[in-house]
Amino acid sequence: MHDVEIDGDMIRLGQFLKLADLVDTGGEGKILIASGDVTVNGEVDTRRGRQLHRGDVVRVQGRSARVS
């Protein structure tokens, strides 16, 4: 897992996937989120607009990143 620094207090899940290099494109992120392949803090979340805050851990396809 690697830490990914964000500007501000929060970031949306779809944006974070790209920022953390967990997906190559926004479209890929959208598909993975909708299909239930993305977890936030160990729970599946299908909301692309889910607000993430520092300390949240996102996991997709065996890779993970923490919001910092």
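We number each residue from 1, following the sequence as shown. Keep in mind the model is a prediction, meaning the values are calculated, not measured.
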Quick one: closest heavy-atom pair of Lys18 and Thr25, and the distance? CD-C, 3.9 Å

Taking only residues at least two apart or on different chains, which pairs with a member in residues 49-67 satisfy salt bridge (Lys or Arg N to Asp or Glu O under 4.0 Å)? Asp3-Arg66, Asp45-Arg50

Drop me the distance from Leu19's CG to Glu5's CD, to the nearest 0.5 angstrom. 10.0 Å

Heavy-atom closest pair (Val57 atom, Ser64 atom, distance to 0.1 Å) is CG1-CB, 4.4 Å

For the pair Val38 and Val44, evaluate side chain to side chain contact (heavy atoms under 4.5 Å, CB included) and give the outcome as yes or no after the intermediate values. CA-CA 6 Å; Val38 177; Val44 172; over 6 Å; no

In Å and rounded to the nearest 0.5 Å, what is the CD1 to NE2 distance from Ile6 to His53? 8.5 Å

Closest approach of Ile33 and Arg48, non-hydrogen atoms and distance? CD1-CG, 3.6 Å

Here the pair of heavy atoms bringing Leu22 nearest to Ala65 is CD1-CB, 4.1 Å

Heavy-atom side-chain proximity of Thr39 to Glu43 below 4.5 angstrom: no

Smallest heavy-atom separation, Asp24 atom then Glu28 atom, equals N-OE1, 2.9 Å

Any side-chain heavy atom of Val23 sitting closer than 4.5 Å to one from Leu32? yes

Side chains of Val67 and Val4: does their closest heavy-atom pair fall under 4.5 Å? no

Return the CG to NZ distance between Leu13 and Lys30, rounded to the nearest 0.5 Å. 13.5 Å

